[in-house]
Amino acid sequence: MNRLGRSAAALFICAALTVSLASCAAETNTPDTSISGPTGEITVFAAASLNGPFTELAADFEAQHPGTEIKLSFAGSSDLVTQIIAGAPADVFASADERNMTKLADADLVAGTPIDFATNTLQIVVPPANPAEVSSLADLTKPELKVVICAPQVPCGAATKTIEEAARLVLTPVSEESSVTDVLGKVRSGEADAGLVYVTDVLAAGDQVKGIEFPESSAAVNSYPIATVGTSSNQKLADAFIASVTGPEGQKMLSAAGFGTPRS
Amino acid sequence: MFRRSGSGYTAVPRWLYVFAAVGALFVILPLLGMVAKVNWSEFIPLITSEASLAALGLSLRTSAASTALCIILGVPLALVLARGNFRGQRLLRAFVLLPLVLPPVVGGIALLYTFGRQGLLGSSLEMAGIQIAFSTVAVVLAQTFVALPFLVVSLEGALRTAGGRYEAVAATLGARPTTVLRRVTLPMVLPGLASGAVLSFARSLGEFGATLTFAGSLQGVTRTLPLEIYLQRETDADAAVALSLVLVAVAVIVVALSYRSPRLPHLARATR
């Protein structure tokens with residue numbers, strides 16, 4: 001993205017945010033004189049798919065804000081929500097879907113309004129050599145193919161189901177896994193001929209697998225919301241971290257990891 | 001402070017009961033915590049849903065098959081380890097017991113790279129028309145892998161405490177080794193074998209990590225009760241708790257019905 005485009009994107013994001021402009025300004029590296037910078041430490045609970053970009057982002061944030069420490073905890077979104085509701089000390093929650101953020105909001109544990117900061121779509125994943133010569137979603141319906149998908153109970157499986165319905169086809173998987181990692185594992189080891197996972201998972205797996213885009217994936221675009229947890233004892237730092245996620249730098253890292261821009 | 005009962009010295013210092021009570025609570029309290037969470041009004045519909053019944057049925061069938069396989073593979077292993085005398089015996093024992101201490105997911109990975117399509121034996125199996133991955137057979141293999149040490153340990157212990165005197169007598173009376181095994185050794189350690197088999201069954205019933213890694217998860221084919229619980233937990237905590245209680249109940253019934261305390265009743269019986 002060129003410089004002009006990037007600043008335009010930053011402007012757009014700032015305008016779309018419900019957080020204060022002050023924290024946005026802080027993210028564009030202008031010294032913040034109106035309030036003293038945030039200090040202390042927070043714990044960020046983030047969906048497993050955010051592992052790469054959030055680890056990078058937290059390190060950058062700590063470097064830019066001396067005296068702060070961002071602790072990260074990655075797991076499935078529903079595990080994280082269950083933990084927070086059970087009293088786990090989280091300050092920020094970044095979910096891979098809206099359902100789990102709603103669960104947290106229903107438990108009265110969201111401070112303010114959750115902000116969508118990224119999107120993710122599904123991709124067909126095959127072993128690097130693509131032995132079954134998969135090239136389209138329709139190919140996955142071939143009976144001789146061993147296809148592995150996520151179970152409908154988890155976000156990637158719900159997205160798979162939406163796509164099946166939109167594309168009016170029925171997949172007969174040999175396994176419905178409970179996490180993206182398990183789908184990837186089966187494809188990577190060559191046990192399965194193809195699977196459906198998120199674009200970001202394919203990118204994170206590197207050259208151990210190959211991703212194939214398919215047009216029907218637009219039927220299921222997953223939004224990632226982020227929010228400060230109501231019980232946080234350092235909401236100022238939590239808000240500042242969220243601002244950096246939604247700010248231009250965070251968006252750049254997320255897009256490098258394969259995430260799409262948030263829907264307005 | 002000394003008390004005697006039929007089977008010998010049983011005096012236990014009183015203070016030990018306090019610690020034993022803490023130990024017992026440590027195991028029982030979490031179970032009570034779970035029972036307290038059960039949504040009783042929905043309990044029956046939750047555990048009789050199609051998915052739940054399919055998972056329970058599959059769990060019972062695969063665990064039974066795994067127990068049978070454990071007996072077939074484990075009895076010779078235990079006999080060789082307890083009675084045999086050969087180089088590498090200790091090393092063999094260490095390897096056989098390894099699944100006890102390995103995280104099951106490691107077992108699953110190991111099985112995947114052995115019996116999987118791309119695995120050590122996978123391509124030969126595939127040429128023979130056998131496909132193990134994603135089948136119920138894979139579930140049985142995973143369960144057997146983690147449950148086998150329980151049978152071997154139980155049986156080897158029983159064999160060692162029973163000693164070899166009766167077998168020696170049988171041999172001097174002219175019985176061939178196979179006859180000694182069939183008529184003397186196996187009847188003598190039958191209780192030990194039974195408790196080992198029960199432990200294997202219970203372990204198979206609870207198997208999760210190796211199954212998930214190696215066999216996959218599909219209703220009626222590979223999704224056993226623990227996998228169903230893990231999946232239900234994503235969306236329906238009530239269903240997960242209800243099914244957990246079913247699994248606990250089945251395990252308690254199985255173990256209580258057939259597992260005897262290892263007080264060596266077989267010795268007394270064998271001398272009769």
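Naming: A, B, ... by sequence-line order, numbering from 1 per chain.
The residue among A:V81, A:D79, A:N100 with the most heavy atom pairs within less than 4.5 Å of chain B is A:D79.
Checked by atom type and distance alone, the side chain of A:S175 pairs as donor or acceptor with a backbone atom of B:S217 at under 3.5 Å. A donor-acceptor contact shorter than 3.5 Å links the side chain of A:E191 to the backbone of B:R117.
Inspection of non-hydrogen atoms places B:Q131, B:A133, B:F134 of residues 127-140 of chain B under 4.5 Å from chain A. Residues of residues 105-114 of chain B placed with any heavy atom under 4.5 Å of a heavy atom in chain A are listed by number as B:L112, B:Y113. Within residues 144-171 of chain A, the residues that have a heavy atom under 4.5 Å from a heavy atom of chain B are A:K146, A:V148, A:A151, A:Q153, A:V154, listed by number. The contact list for residues 50-75 of chain B toward chain A, using heavy atoms and a distance under 4.5 Å, is empty.
Contact record, A:P173 with B:L218: O-CD2, 3.6 Å, taken as the closest heavy-atom pair. Considering all non-hydrogen atoms of both residues, B:L212 and A:D182 come closest at CD2-OD2, 3.8 Å.
Other residues, nucleotides and ligands contribute over 12 non-hydrogen atoms within 6.0 Å of the CD atom of B:Q89.
Taking the side chain as every heavy atom from C-beta outward, B:Q219 and A:E176 never approach each other to under 4.5 Å.
Heavy-atom distances place the side chain of B:Q232, and not its backbone, under 4.5 Å from chain A.
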